Amino acid sequence: MSRFTLRTRRNVGEILLHGGVPINSVGAFARVLVRWDAANPSGDARSFMAWMSSMSQQVAAQRGLDVPTWLFLTEAGDIAEDFVERCLVALDHASGATVEEAALPPAVLEQIALVLDGAASPRAGRAGRQRLADATPTISFSPQRGVQVRLPPLEALTESDIEWFVTTDGVGERIESSAPWPGDVVEPKFVTVRTPVKRAVVQVAPSDQMWDLDIIDVEDPLLVFHGDSRTLIPPRNSLPRGRVWVGFLNDTDTEIRDRIETDGELVVVEQVIVSQGWEGWSFANIDLTDASKLRIKGTDRWRYVSTVRRPRLLDAPMVEHVETRDGRYVHADIPVLELPGTGSDSTIVWLVSVTGADGRVIASREVTVGAEPVRMDPWAGADSPVVGDFVVAARGPLGRGAIMRVAIAEGFTAEASTDFRWMRADGRGLDEAVLSIRSQRADAAATTVSFDARRWRRATVISSGVATLDVIARLPAMSTSAVGSTVRAKSGGPIPLDLESLAGTTLRVDVPAGSPSAQLAAVVNDKLVQAVSAVQLGGMRSFALGQLSDTLESHRFAQLRLVIADRSVPVAYVRPRKLASGVVVDGCGVLTLDDAQPVEGLMALAYPRYAPWKEPTRLDFPADAVSLMLPEEVRGEGAATFVLGVANPWVPLEVPPLPDWSTRNAFVSEWGEPAEPADLAEAGFRSWLAGREQCPASAESLPVALKIYTLIPQFAARSDFDRLRTDLATAVRSSRERVVEAVLHSRAQARDLFRLFVEAGVVTVPREDWRSSELLWSFSPALGIVADTDEHTGPERDRFRDNLVRYAGSAAIDILDAGRDPFETVGRFGRTERLLDPMPQERIDALMAVANFLPKGLLDEDSRAQASKSLFDHRRDRSLDPVIAISRTLIAEARTAVAADIGAYATGPIDSRASEPGWMSLPTLSLCCAFVARLSSRGLPASSKAFEKVRRAYMRLAEAAPEIVQQDLGLAELWITRWSEQ
């Protein structure tokens with residue numbers, strides 16, 4: 001019972017949890033599940049559980065779920081997830097999408113059938129069980145890239161272009177995935193979660209399906225990822241026995257064993273450096289083989305290791321050198337399924353089914369197991385040979401079943417033309433090779449896969465003549481990489497190294513295990529100038545390049561060759577970091593580098609100087625050349641910033657959206673006036689940025705204007721910030737109703753746009769003119785509140801309140817229902833802030849760190865305290881000096897306007913923030929501005945007049961402390977909605 005988190009009626013509630021969903025409540029639960037399933041056609045049990053756990057008990061009750069059902073779904077972890085999965089199977093079975101049985105009691109199936117029979121419209125059948133395919137985004141962990149959102153390769157399933165929108169804590173990112181050509185390698189895409197956040201919201205177009213992916217549970221901020229799949233394990237689920245990755249807040253850089261505890265000895269296998277943005281967090285790989293529970297020290301929340309023995313597929317021979325497109329082994333024989341025994345006289349009936357990638361049930365049977373485990377062939381009776389990607393489901397007692405994905409190419413073998421692909425002596429990639437994949441059938445033709453010098457792997461298809469399996473073929477190959485001062489990913493060809501960074505760089509070369517010792521030779525003009533020996537670890541040879549620094553300093557350029565046995569192979573090129581002293585573009589459009597030497601792979605990225613929203617153009621210099629003719633699209637820009645670099649064909653080039661001036665290889669060149677395009681969306685902006693024309697102001701130009709606004713701090717001189725921002729705000733004001741919809745599909749952060757929202761009058765747009773969407777709530781909960789408060793008395797009331805709890809917190813419901821804000825004084829500057837004021841910022845930060853704020857919803861206590869801290873940190877900004885000077889007058893005018901438009905009682909929230917004059921009054925001013933903005937949106941005269949008076953001060957507040965401005969906008973809208981409904 002200690003596994004549950006009930007705060008009241010613990011003993012009774014925990015005992016009832018073991019009863020599951022009451023039979024009389026199954027109908028209500030099924031209705032909720034059917035509605036959710038209609039909106040999430042590829043959703044699985046885990047995504048439903050995540051959606052359910054985001055609800056409060058109050059919101060769940062409004063949706064028709066009673067307390068026992070809600071408690072079971074939010075507290076029972078694996079068991080509840082298994083139950084939901086079986087109910088989804090029952091829904092699919094009833095609609096004809098699968099013949100697979102659900103393994104549920106007849107009474108539950110009867111209730112589900114009644115709900116489906118009574119539905120207003122019949123549930124549409126599916127061609128197959130889409131939820132079993134790789135079609136759902138997940139949260140995963142990579143030791144190299146940190147916490148990520150994994151996006152499945154839906155483009156391969158839909159055979160069409162798709163577009164993803166990923167939003168984490170107001171930061172949006174767009175990812176395009178083109179439909180693959182036959183033979184293309186299809187892989188999932190990953191979006192890095194750059195900072196600790198509660199959740200990520202993922203939307204895919206054109207279907208507009210959306211997923212809420214919980215990341216950090218603020219009640220228990222311990223992240224646990226599966227050791228093999230590295231997917232995030234939900235907080236209520238049992239942990240696997242074995243290795244897992246954990247992440248936790250550790251801002252004091254304490255030893256892992258002093259922050260994490262188990263009921264036995266904590267076995268730390270590996271600790272990794274956290275990715276940028278997760279400073280203060282630690283990530284480690286730990287072994288839970290001998291543990292039964294895990295938690296952060298000092299907390300009372302244990303995560304329990306599963307003691308349940310589940311069905312498992314036993315190891316079978318593999319097809320060498322091939323894997324599935326998502327990296328799983330391909331079995332050359334049918335694996336045996338082992339069903340665990342009871343260990344007693346009792347028996348268990350297991351329902352075992354095998355489903356193909358198309359959702360077709362291939363085999364299904366019941367197996368009764370007694371005391372001893374039973375081993376069986378799940379494919380018994382299926383056509384031979386078995387080829388394909390399958391889902392094996394073994395369902396027995398709730399919480400003890402297993403769903404396993406397995407790829408099989410029965411009877412297939414693979415034979416390679418070489419055991420190892422070495423890098424070529426001419427530095428042009430790897431030795432060519434051939435892989436033959438053939439069936440044991442005498443009449444079957446072999447599939448031949450050829451690897452050219454530039455290919456590490458190839459996509460191919462294994463076919464039995466009846467069934468097929470898409471696979472990736474890969475052969476063992478030599479590679480080189482670098483770590484330390486210079487980081488280079490693994491490459492099948494020589495990598496570029498900066499001369500200036502050799503001292504702290506280690507070169508790593510992968511060769512066959514058991515190879516003889518090796519040396520690294522530095523060669524200049526075909527002459528050996530120095531050689532260093534390797535440190536050997538298995539098949540890796542490591543070289544500390546600092547040993548070459550002094551020698552190569554006098555030569556500047558060198559080739560590094562691996563000498564092993566009778567081979568001498570180039571593995572790296574050393575050259576100065578600065579590739580040229582400047583660039584020139586002549587009247588004919590020829591780009592020439594000054595003081596440069598030809599380097600293999602020399603290239604430049606051309607960034608349009610007056611079109612910062614445009615992606616750069618890649619320019620590859622011919623061999624042995626330092627000049628090239630610019631393409632027409634670059635010549636037409638009239639000016640560009642050229643960033644020089646050396647490309648590696650083995651490593652995908654990561655192109656920064658704007659020039660990287662830290663490289664010392666960025667140069668500006670101007671050669672004419674920019675040509676304006678015919679496209680109305682872009683027309684006029686180049687001339688405006690060049691200082692020759694006014695900023696374009698049209699509905700068509702709005703998306704480009706917003707992109708430029710977010711980029712201003714990255715490309716413009718600081719002295720031009722205000723002018724450019726004001727020009728853009730003036731230009732978009734006429735289209736302000738469309739501003740938010742446009743920014744949702746940009747990569748902007750909400751906090752970077754609140755000044756624009758104020759200056760362009762977006763905060764005064766009537767709520768009826770806002771387009772509601774789940775993505776808007778994730779981008780900015782305050783804007784979600786503004787857009788949807790008119791639904792509080794409408795047909796979408798439940799959805800609105802659900803989003804309020806999820807994104808804003810329970811305080812928002814208290815304001816609407818009871819007219820009470822439990823945290824109304826949080827954020828006010830008082831005695832504590834006065835005492836902190838004279839202290840150095842470092843001391844203030846240290847004192848505030850002790851509070852350990854864990855932001856939850858927009859209006860929760862810690863979120864408000866953190867936003868107030870951000871405003872406090874900016875109290876001395878010069879831009880706020882004029883605001884502070886007139887804050888008392890502005891507060892009085894705004895307060896008077898609110899009282900005039902609504903009544904004297906409406907000044908209560910403002911008065912709760914009241915403080916001393918000067919910078920201490922800034923939180924009060926923020927709330928005052930929010931009230932007059934939202935009252936102005938309703939056309940109330942006094943507030944409309946007051947808003948024009950406070951606009952510039954409000955704009956400065958939004959620029960300095962957008963977090964509290966956002967919170968107060970949501971607060972004001974909620975209070976006004978409460979009063980209008982009363």
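All values reported here derive from a predicted model rather than from experimental measurement. Heavy atoms only: backbone and side chains are in, while hydrogens, waters and symmetry mates are out.
No donor-acceptor distance shorter than 3.5 angstrom exists from the side chain of Asp470 to the backbone of Ala459, with no hydrogens or angles considered. Side chain of Ser364 to backbone of Ser353: no donor-acceptor contact under 3.5 angstrom is found.
Nearest heavy atom pair, residue Trp245 against residue His226, reads CD1-O, 4.5 Å.
Here the two rings, on Phe390 and Trp379, have centers that are under 6.0 Å apart.
Phe420 is linked by a ring-ring contact (aromatic ring centres under 6.0 Å, His included) to Trp422, counting only residues two or more places apart in sequence or in another chain. In this structure, Tyr573 has no ring-ring contact (aromatic ring centres under 6.0 Å, His included) partners at least two apart in sequence or on a different chain.
You'll find the side chain of Arg474 stays beyond 4.5 Å of the side chain of Arg458, heavy atoms only. A 4.5 Å side-chain heavy-atom check between Trp350 and Pro311 finds at least one atom pair inside the cut-off. At least one side-chain heavy atom of Arg541 sits less than 4.5 Å from a side-chain heavy atom of Val511. By the 4.5 Å heavy-atom criterion applied to side chains, Ile362 and Asp383 are not counted as neighbours. Side-chain contact between Leu475 and Asp419: absent, with no pair of heavy atoms (C-beta onward) separated by less than 4.5 Å. A 4.5 Å side-chain heavy-atom check between Val406 and Pro335 finds at least one atom pair inside the cut-off. Within the 4.5 Å cutoff, the side chain of Ile286 has no heavy atoms near those of the Val267 side chain. Within the 4.5 Å cutoff, side-chain heavy atoms of Phe412 are placed close to those of Ile437.
A salt bridge does not link Glu432 with Arg421: none of the charged nitrogens is closer than 4.0 Å to a carboxylate oxygen. Using a 4.0 Å cut-off between charged side-chain N and carboxylate O, Arg328 and Glu323 make no salt bridge. Electrostatic pairing of Asp431 and Arg424 does not count as a salt bridge here, judged by no charged N lying under 4.0 Å from a carboxylate O. Contact check on Arg618 versus Asp620 returns a salt bridge, with a Lys/Arg side-chain nitrogen under 4.0 Å from an Asp/Glu carboxylate oxygen.
If you run side-chain contact (heavy atoms from CB on, under 4.5 Å) between Arg575 and each of Val646, Leu602, Leu552, Leu499, only Val646 comes through.
Counting heavy-atom neighbours within 6.0 Å of Glu270 CD, excluding the residue itself, gives a total above 12. Residue Asp426 qualifies as enclosed at atom CG: its count of foreign heavy atoms under 6.0 Å is above 12.
Judged purely by distance below 3.5 Å, without hydrogens or angles, the side chains of Thr486 and Asp498 never pair a donor atom with an acceptor atom.
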